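These notes are about the structure you will find just below.
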Amino acid sequence: MSEFNLIMPDGSQKKVSSETTPLEIARSISPSLAKKSVSAKIDDHYIGVNEKIRFSGHFRLITKDDPEALDILRHSTAHLLAQALRHLHPKVHLGVGPSISNGFYYDTDDSAESEKQIAAEEFPAIEAEMHKIVKADYPISNRPVSRQEALNIFKDDPYKVELINDLPEDEEITIAQQGDYTDLDRGGLVPSTGWIKHFALTSVAGAYWRGKSDNPMMQRIYGLSEWDQADLDAQKKALDERKERDHRTIGKQMELFFTNQEIGAGLPVWLPNGAAIRRTIEDYLAEKERQNGYLHVYSPVVSNLDLYKRSGHWDHYRDDMFPPMKADDGEELELRPMNCPSHIEIYEHQPRSYRDLPYRIAEFGQMHRWEKSGALTGLSRVREMTLNDGHTVVTSDQVEPEFKEILRLIREVYADFGFTDNDYRFRLSYRDPKNTKKYYDDDAMWEHAQAALKRAMDDMHLNYFEAEGEAAFYGPKLDIQFRTALGNEETMSTIQLDFLLPERFDMKYTGEDGKEHRPVLIHRGVVGTMERFVAFLIEKYKGQFPTWLAPVQAVVIPVNYDAHGDYARKIYSRLMKDGRRIKFDTRNEKMGYLIRDAQVNLKVPYIIVVGDKEINDQTVTVRFRGSDKTLELPFERFEQMINADVAAYSNGHKKVEEVLANE
Ligand code: TSB
Ligand code: ZN
């Protein structure tokens with residue numbers, strides 16, 4: 001029997017035998033300490049309270065009062081979930097199941113067993129199974145195993161096998177055991193399943209295995225777990241608030257868009273209110289692009305498959321493409337996953353010279369991508385989307401200045417939408433050099449392109465982070481990452497450097513020297529797709545769009561339609577002629593109901609009520625969004641106010657305050 005030397009928190013030394021457990025040490029100090037000890041640590045290694053001590057070092061008991069104990073509880077609840085899933089879906093494949101800032105998750109993949117993945121409808125059954133396991137109060141143990149033993153234990157769990165194989169040679173592998181359930185685990189778990197009492201499963205969402213988009217999509221099941229019910233209730237409430245700003249919830253309430261199975265998963269329908277927002281954005285962007293030298297084009301959403309064979313999409317991007325359509329003459333047609341090949345054909349339609357460069361074309365290009373059904377989310381991840389796309393053809397000397405110019409344009413647009421630096425971060429997306437299936441294989445080309453991208457960013461003194469395996473197959477990207485209400489990060493805008501497609505399509509321009517040269521292609525989306533961008537805006541503004549974007553900018557309500565309808569209609573028509581989006585609410589309902597409907601559901605910036613007094617004075621009574629104040633204004637004054645509000649984009653409210661100050 002060996003002996004170990006423990007250094008206690010107070011600095012004293014304690015010699016223990018290899019038969020000693022942390023719980024015994026706790027008991028020797030005080031029974032109450034033993035009762036609330038959740039786990040223990042020797043240096044950075046967790047050791048369960050009932051485990052035998054295996055090495056010497058700094059010793060520390062973790063009690064319930066310790067913030068770290070909450071992570072241990074949540075991590076243990078993830079195991080509890082996995083054990084319940086194993087009972088209900090014996091063949092489910094498990095990924096990882098950590099604690100997170102407000103709870104825990106477990107990544108699961110049930111595709112080996114059935115086509116249908118685990119869905120939220122099953123949560124009550126899964127929770128019931130979890131409670132059974134809690135009641136059984138299985139002791140939780142952790143022990144080291146050899147690599148071979150670990151591979152044997154997890155032979156039916158491909159994700160675990162991958163994790164084991166990725167562990168460094170000299171790393172100790174430990175497994176956790178509770179009843180009939182075994183997991184690969186570093187420790188940090190409660191002593192038995194009976195310790196876990198206040199938990200709930202909250203949602204399930206698609207998540208790529210190890211966060212890499214070229215890996216399989218798994219189902220990530222999220223949950224909450226707390227030491228007491230009051231804390232669990234508080235966490236649930238916080239989660240409900242996040243759901244409230246979820247664009248899918250607000251999209252329903254404001255009647256912006258829908259998706260259904262009849263039309264097809266991931267194929268969104270834009271209702272009039274959502275379409276009004278989108279059209280406003282498209283008009284705005286088209287004008288901005290025109291001012292910045294882009295020529296707008298229209299090109300077909302379906303093309304000959306050979307076009308995508310030539311571009312390399314078919315070799316490197318096929319998994320994201322809809323299956324080709326075979327025509328009766330043997331021709332194969334493909335719904336386009338990207339617009340670049342069509343834009344390249346447009347460039348090549350005429351011979352080009354250095355005097356034509358940078359050559360900039362743009363299109364609100366509709367594309368189709370075969371996203372996995374588990375990954376589809378509202379408007380933010382869809383199968384049919386319209387990209388605010390643009391391609392610039394440049395000489396190699398123009399790559400950096402054009403890149404900077406595009407980034408300047410993007411930030412100018414962000415300012416009009418009221419984004420601040422806190423809303424996003426920059427990601428330099430590089431290839432994964434090991435993945436030659438996804439990425440075109442030419443080391444020199446990649447290194448050159450990635451270095452150019454990094455140089456441009458460093459030159460502008462911008463903060464960014466770097467990510468391997470997130471590039472496009474044809475080149476590296478600057479991705480602008482935004483956080484959704486559900487807490488995921490997604491790419492919105494993007495600028496991409498491409499030295500590959502110009503080769504593939506044999507693109508040329510005549511240089512100053514009269515000879516033919518190869519240009520470089522820059523792909524960019526100023527705001528990304530209309531779908532994802534609008535999803536983000538809904539969440540950012542919680543549906544309370546600045547007036548220039550609001551689907552309905554003002555509602556006009558006559559106190560009594562028969563008496564005041566004509567005057568109300570005159571106001572409505574005048575404002576519509578100004579270009580405003582106005583709803584004339586003629587419903588025969590109580591005034592209070594109509595006002596509430598406009599405020600709560602439509603979130604309208606201005607509600608105008610007109611009755612006898614207003615007709616008499618040629619005024620309108622205005623209610624402002626977010627304020628209880630009503631104000632009677634001469635109609636022209638209001639007209640000036642709302643038009644100034646719209647013209648100032650997201651700074652509109654400042655203009656309104658200015659106009660009001662003159663009142
Ligand atoms: C910028 N060829 C380039 C283009 O020229 C391109 O298509 N790049 S992309 O593949 O990165 O897509 C552009 C943007 O579309 C992404 O940055 C992202 O904001 C958006 N997007 C991609 N997939 C989806 C999807 N499934 N649903 C909604 N938006 C998406
Ligand atoms: Zn492109």
Side-chain angles (χ1 to χ4, degrees), residues 206 208 213-214 217 247 257 259 265-268 270 278 285 289 294 297 299 301 307-308 311-313 316-317 319-322 335-347 360-393 403 406-407 409-410 424 426-429 438 467 470-482 484 488-502 504-505 507 520-537:
Y208 293 112
S213 57
D214 37 335
M217 173 71 66
H247 76 277
F257 70 94
T259 49
L267 304 172
W270 295 75
R278 171 170 165 176
L285 287 169
E289 288 173 339
Y294 287 87
V297 296
S299 55
V301 293
L307 187 67
Y308 303 104
S311 64
H313 282 87
H316 299 289
Y317 201 69
D319 290 349
D320 293 274
M321 289 160 68
F322 274 61
L335 276 170
R336 71 172 166 200
M338 291 194 195
N339 311 310
C340 354
S342 330
H343 289 185
I344 294 172
E345 290 294 320
I346 292 168
Y347 175 81
R360 306 184 178 99
I361 46 180
E363 177 174 2
F364 291 95
Q366 199 183 48
M367 341 185 274
H368 290 81
R369 295 187 183 175
W370 192 252
E371 299 281 357
K372 302 232 168 45
S373 59
L376 299 171
T377 336
L379 279 182
S380 65
R381 188 171 290 275
V382 291
R383 285 181 176 158
E384 180 185 275
M385 65 205 89
T386 298
L387 180 61
N388 164 219
D389 207 356
H391 292 93
T392 306
V393 186
F403 176 88
I406 294 169
L407 191 49
L409 171 64
I410 289 175
Y424 56 87
F426 294 122
R427 180 179 79 185
L428 299 193
S429 303
K438 181 170 167 191
E470 295 295 343
F473 76 83
Y474 45 73
K477 321 186 266 179
L478 166 70
D479 288 325
I480 308 187
Q481 304 292 108
F482 282 76
T484 69
N488 310 319
E489 222 182 41
E490 275 174 350
T491 304
M492 205 133 76
S493 313
T494 183
I495 313 178
Q496 313 173 347
L497 303 187
D498 180 0
F499 295 81
L500 176 67
L501 296 190
R504 289 252 164 162
F505 284 93
M507 291 168 78
V520 181
L521 184 65
I522 303 180
H523 311 237
R524 54 83 305 185
V526 173
V527 300
T529 53
M530 291 302 121
E531 287 73 13
R532 185 170 290 178
F533 187 56
V534 170
F536 176 77
L537 291 179

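All values derive from a computational prediction rather than experimental measurement. Each ligand, and each atom within it, is numbered from 1 in the order the structure gives.
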Would you name the N/O/S atom of His391 that lies closest to the Zn ion (ligand 2)? NE2

By number and element, which atoms of ligand 1 are closer than 4.0 Å to a non-hydrogen atom of Asp389? 1 (C), 4 (C), 5 (O)

What atoms of ligand 1 come closer than 4.0 angstrom to any heavy atom of Ser380? 27 (N), 28 (C)

Arg504 to Tyr474 six-membered ring, cation-pi geometry met (6.0 Å, 45°): no

Given Ile480, which partner from the list Thr494, Leu407, Ile495, Val527 fulfils the side chain to side chain contact (heavy atoms under 4.5 Å, CB included) test? Leu407

Is the backbone N or O of Arg532 less than 3.5 Å from a side-chain atom of Thr529, with the two atoms forming a donor-acceptor pair by type? yes

So if I count the atoms of ligand 1 from 1 in the order they appear, which ones are less than 4.0 Å from some heavy atom of His391? 5 (O)

My understanding is that we take every heavy atom of each candidate and find the minimum distance to atom 11 (O) of ligand 1. Doing that for Glu490, His523, Gln496, which one comes out nearest? Gln496

Would you call Glu470 and Lys477 a salt bridge, using N to O less than 4.0 angstrom? no

Please find the pair of heavy atoms, one from Phe473 and one from Gly312, that lie closest to each other, and give the distance. CZ-C, 3.7 Å

Polar proximity ligand 1 side, Tyr474 side, N/O cut 3.5 Å exclusive: yes

A student checking ligand 1 against Leu387 at a 4.0 Å heavy-atom cut-off should list atoms 1 (C), 4 (C), 7 (O), 13 (C), 14 (C), 15 (O)

One pair to check against ring-ring contact (aromatic ring centres under 6.0 Å, His included): Phe322 and Trp370. What are the steps and the verdict? CA-CA 5 Å; Phe322 274 61; Trp370 192 252; 5.0 Å; yes

Could you tell me, atom by atom, which parts of ligand 1 come under 4.0 Å of a heavy atom of Glu371? 23 (N), 25 (C), 26 (N)

Can you give me the closest heavy-atom contact between Arg524 and Asn388, atom names plus distance? NH2-O, 3.2 Å

Out of Glu363, Arg381, Arg369, whose heavy atom sits nearest atom 9 (S) of ligand 1? Arg369

Atoms of ligand 1 less than 4.0 Å from Thr529 heavy atoms? 15 (O), 20 (C), 21 (N), 28 (C), 29 (N), 30 (C)

Checking one value in my table: which N/O/S atom of His523 lies closest to the Zn ion (ligand 2)? ND1

Going by the atom numbers of ligand 1, which of them fall below 4.0 Å from some non-hydrogen atom of Cys340? 2 (N)

Which of the numbered atoms in ligand 1 are below 4.0 angstrom from a heavy atom of Thr494? 1 (C), 17 (O)

Where's the contact between Ala472 and ligand 1, heavy-atom distance under 4.0 Å: side chain, backbone, both or neither? neither

Before signing off on this row, confirm whether Glu531 and ligand 1 have an N or O atom pair separated by under 3.5 Å. no

Would you call Arg381-Glu371 a salt bridge at under 4.0 Å N-O? yes

Are any of the N or O atoms of Val382 closer than 3.5 Å to those of ligand 1? yes

Search all heavy atoms of Gln366 against all heavy atoms of Arg336 and return the closest pair with its distance. O-NE, 2.9 Å

Would you call Arg278-Glu531 a salt bridge at under 4.0 Å N-O? yes

Is ligand 1 under 4.0 Å from a heavy atom in the side chain of Asn339, in the backbone, in both, or in neither? neither

Check Cys340 against His391 and note the closest heavy-atom contact, atom names and distance. CB-NE2, 3.3 Å

On a heavy-atom basis, I'd like to know which of Met530, Met385, Met492 is closest to atom 30 (C) of ligand 1. Met385

Hey, is Thr491 touching ligand 1 through its side chain, its backbone, both or neither, going by heavy atoms under 4.0 Å? both

So Phe482 and Phe536, would you call those rings parallel, tilted or perpendicular, with 30° and 60° as cut-offs? perpendicular

